[in-house]
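Heads up, the thing below is written out as structure tokens.
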Amino acid sequence: MEGGNGSQLFGKFQGFWCLGEYIPSIISFQTHFQALDEDIVIATMPKVGTTWLKALVFSIVNRHRYTLSDTPLNLSNPHDLVPYFELFLYANGQVPDLTSTIPSPRLFATHIPYPSLAESIKQSNTKIVYVTRNPLDAIVSFWYHVRAKPESSDWPLEECFEMFCGGEEWFGPFWNHVLGYWKQSLEKPNKVLFLRYEDLKKNPVSEIGKIADFTGFPFSDEEEGGGVVQGIADFCSFSNLKDLPINKTGILGWANTNTMPTNAFFRKGEVGDHLNHLSPSQIQRFTKILQDKLSESGLSLTN
Ligand code: PAP
């Protein structure tokens, strides 16, 4: 299938859809990654707010190390500071040295579904912060992301939409991905924090407080009263991050030859953009598929 992936190999691996080039990375990660109890892993489907969550978690856990004026986020895209296991650290099956170079807590990210995480993450006290989003908005965001590459600039939205309806998108099906982490968050609330993009937009301060408590970096009364939480919310807001020079002009290198301009991670940053792109019948169709897939969980992602 095409799936906006050009001629690249794309298929099902361990029950989820994935580009062939990531399989050696995933296997190397599963085989070699040794989690530490202090580690924090950000887990997401693509295009649900990963970049934002990376900036937030980095800012929260490093706030005693850096001020917002000297934070590395001013000079590096959040993806460079919180690297993906499969797209970067273990790219091409390499085995990185993660023991000496990274200050604690180590921050990592992944799009890999829960069942396929390295066992040591599941067995340790490593914390997982998961964010999801109305998948209809993720579909639109993903379509723009793929089209940012010259070779895929004419990919029809209709094809992208069909791919998501069949659950055949990168790291999908979306519903399986969400359910895997959702169930863990219910069974082990100290292990997995389940967040939504829409809540982060509506009430960033309280969501930032949740992340801080969960990761073991709670805000003191003085910090709360002194506007520290609001400061992090403002610094990590879409408008601020998007306008940082590094995020306007930088280039990110993933595995192999895959590169992306950093501005591709900051498009519109709003809730509900699918209403401007998908027809009422498409929305109804996808919503029905999703409701069926999520019915037993009681979870709803489209409202
Ligand atoms: P990735 O999976 O490629 O890393 P990810 O960061 O998860 O992408 O998602 C990108 C989406 O988050 C974009 O949404 P949009 O296409 O609907 O606009 C991007 O604009 C949005 N985004 C990035 N940073 C922020 C932010 N600070 N606040 C709100 N939304 C953001």
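First listed ligand is number 1; within each ligand, the first listed atom is number 1.
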*Distance in Å, His145 NE2 paired with Cys160 SG, rounded so as to fall on 0.5 Å steps*: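 Going from NE2 on His145 over to SG on Cys160, the span is 11.5 Å.
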
*Is the closest side-chain donor-acceptor distance between Ser104 and Glu38 under 3.5 Å?*
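Short answer, no.
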
N or O pair under 3.5 Å between [X] and ligand 1:
X      : value
Asp137 : no
Tyr197 : yes
Met45  : no

Check each of [options] against [atom] and report the one with the nearest heavy atom.
atom                    : options                        : value
atom 15 (P) of ligand 1 : Ser141, Ser239, Gly49          : Ser141
atom 11 (C) of ligand 1 : His145, Arg267, Arg133, Met260 : Arg133
atom 5 (P) of ligand 1  : Leu53, Leu87, Thr50            : Thr50

*asked:* Counting only heavy atoms closer than 4.0 Å, does ligand 1 sit against the backbone of Ala55, its side chain, both, or neither?
replied: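 Looking at Ala55 and ligand 1, no heavy atom falls under 4.0 Å.
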
*With a 4.0 Å heavy-atom cut-off (strictly under), which part of His79 contacts ligand 1: side chain, backbone, both or neither?*
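Answer for His79: side chain.
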
Distance-only donor-acceptor pairs under 3.5 Å for side chains of residues 197-205, two or more places apart:
{"residue": "Tyr197", "atom": "OH", "partner": "Gly269", "partner atom": "O", "Å": "3.4"}
{"residue": "Glu198", "atom": "OE2", "partner": "Asn134", "partner atom": "N", "Å": "2.8"}
{"residue": "Lys201", "atom": "NZ", "partner": "Gly269", "partner atom": "O", "Å": "2.6"}

*If you count the atoms of ligand 1 from 1 in the order shown, which ones are under 4.0 Å from a heavy atom of Tyr84?*
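Selected atoms, number and element: 1 (P), 2 (O), 4 (O).
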
_Atoms in ligand 1 flagged as close to His111, the criterion being non-hydrogen separation under 4.0 Å_ =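 Those atoms are 2 (O).
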
*Should the pair Lys122 and Tyr114 be classed as cation-pi, given the thresholds of under 6.0 Å to the six-membered ring centre and 45° from the axis?*
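Yes; both conditions hold, so Lys122 lies above the ring face of Tyr114.
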
